[in-house]
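What follows is a short report on a single structure.
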Amino acid sequence: MPELPEVETVRRGLHHLVSGYRIVQANDLHPRAVKSESLAPLSSLQGARITGTGRRGKFLWITLDRPLVLVAHLGMSGQFLIAQKDRPAAKHIRAHFALKKSLRKLDLVFNDQRTFGWLSVEEMSDGVPTSASHIARDPFDPDFDFQATVAKLAKRNVRIKSALLNQEIMSGVGNIYADEALWRAQVHPESVTSEMSAKKIAAVIESATQVMAEAIAQGGTSFDDLYIDVNGESGFFDQSLAAYGQEDEPCPRCGTLIKRIVISARSSHFCPRCQRKKK
DNA sequence: TTATGTGTTCCCAA
DNA sequence: CTTGGGAACACATA
């Protein structure tokens with residue numbers, strides 16, 4: 001399931017490959033492919049030219065030469081793929097776009113095994129599509145307010161792991177990068193935010209930003225071919241994971257075996273020696 | 001057959 | 001009204 005680094009990898013790929021192309025044809029191929037709140041069906045985008053891309057947290061959008069955007073959320077398994085002859089056809093295609101730029105033609109598909117992802121046609125409001133208006137800025141947003149985010153976390157009464165997954169406090173972090181950020185900051189995932197020092201909270205945000213920046217540089221994390229970019233390529237950050245998915249493997253910092261616990265129905269991986277609740 | 005999964009939203013209780 | 005926790009959503013794989 002794509003988190004910010006994977007969504008950003010997809011956005012960059014799309015930006016590079018489809019900017020300037022005109023949507024010749026657009027069709028949804030599954031009843032849940034397009035959000036019910038969508039202002040219009042995908043077919044209404046026929047004739048529009050793609051001018052660029054945008055992202056906040058895990059929400060992604062394609063801008064057009066009209067006052068509407070095509071918004072996408074990849075959910076747990078959504079993919080944008082450029083069809084290529086030498087690649088087997090994707091098995092869960094939910095939407096298809098035929099694109100054209102002078103004599104060049106491209107087929108862009110939205111593929112999604114688990115159908116938690118969606119597309120929708122929306123208006124922009126305050127710099128983001130309406131469906132993302134409740135999503136907090138991510139740490140790569142030029143207007144991200146670091147101190148305000150520390151303060152917001154400090155007054156919550158939740159476990160830090162849950163707070164990191166809350167996209168209304170700070171967006172972009174999912175289960176993988178939450179575990180990695182906490183490992184780097186040496187914070188126990190069950191530490192309660194209101195009991196943490198501002199310095200510790202700041203360290204967690206800094207670690208999250210740093211680990212996501214490194215992951216973007218590696219093209220994201222791919223465990224299997226569920227996460228791949230628009231060209232079908234996997235990212236390499238899985239080789240750099242210190243905690244996530246490393247149950248019973250030695251902590252890269254101290255050698256203690258990484259432990260797995262469940263916090264609000266999600267797996268959390270941490271080092272029981274260097275991530276203590278009291279610190 | 002059962003457990004698990006990179007996410008979000010909705011419902012309920014405090 | 002606000003906040004936090006858990007279930008639900010759907011499908012594939014181990």
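Please read these numbers as outputs of a predicted model, since none were measured by experiment. Order of the sequence lines sets the chain letters (A, B, ...), proteins ahead of strands, with each chain counted from 1.
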Is there aromatic stacking of A/F116 against B/dT8, centre distance under 5.5 Å, plane angle under 30°?
-> no
Nearest-neighbour nucleotide for the A/Q113 side chain, B/dG5, B/dG7, B/dT9 considered = B/dG5
Would you mind telling me which residue lines up with the more 5' stretch of DNA chain B, A/F59 or A/R260, judged by nearest nucleotide?
-> A/R260
With heavy atoms under 4.0 Å as the rule, sort A/S162 into base, sugar-phosphate or nothing.
-> nothing
Examine B/dG7: is either OP1 or OP2 under 4.0 Å from a nitrogen or oxygen in the side chain of A/H73? Give yes or no.
-> no
Proximity to DNA chain C (any heavy atom under 4.0 Å), residues of residues 151-161 of chain A only | A/R156, A/N157, A/V158
If you look at every heavy atom in A/I160 and A/H188, which pair is closest and at what distance?
-> CG2-O, 3.4 Å
Contact summary for A/A33 and A/D28, nearest pair of heavy atoms = CB-CB, 4.2 Å
Using a cut-off of 4.0 Å on non-hydrogen atoms, how would the nucleic acid contact of A/H134 be classed: base, sugar-phosphate, or nothing?
-> sugar-phosphate
Where each residue is assigned the nucleotide of DNA chain C containing its nearest heavy atom, which of A/K91 and A/R32 is assigned the position nearer the 5′ end?
-> A/R32
For A/A181 and A/S207 the tightest heavy-atom approach is O-CB, 3.4 Å
Could you check which nucleotide pairs with B/dC10 in any of the strands shown, counting Watson-Crick or G-U wobble with both distances under 3.5 Å?
-> C/dG6
Quick check: are there more than 12 heavy atoms from other residues, nucleotides or ligands sitting under 6.0 Å from NZ of A/K259?
-> no
Atom pair distance, as rounded to whole Å: CG in A/D112 and P in C/dC9 | 17 Å
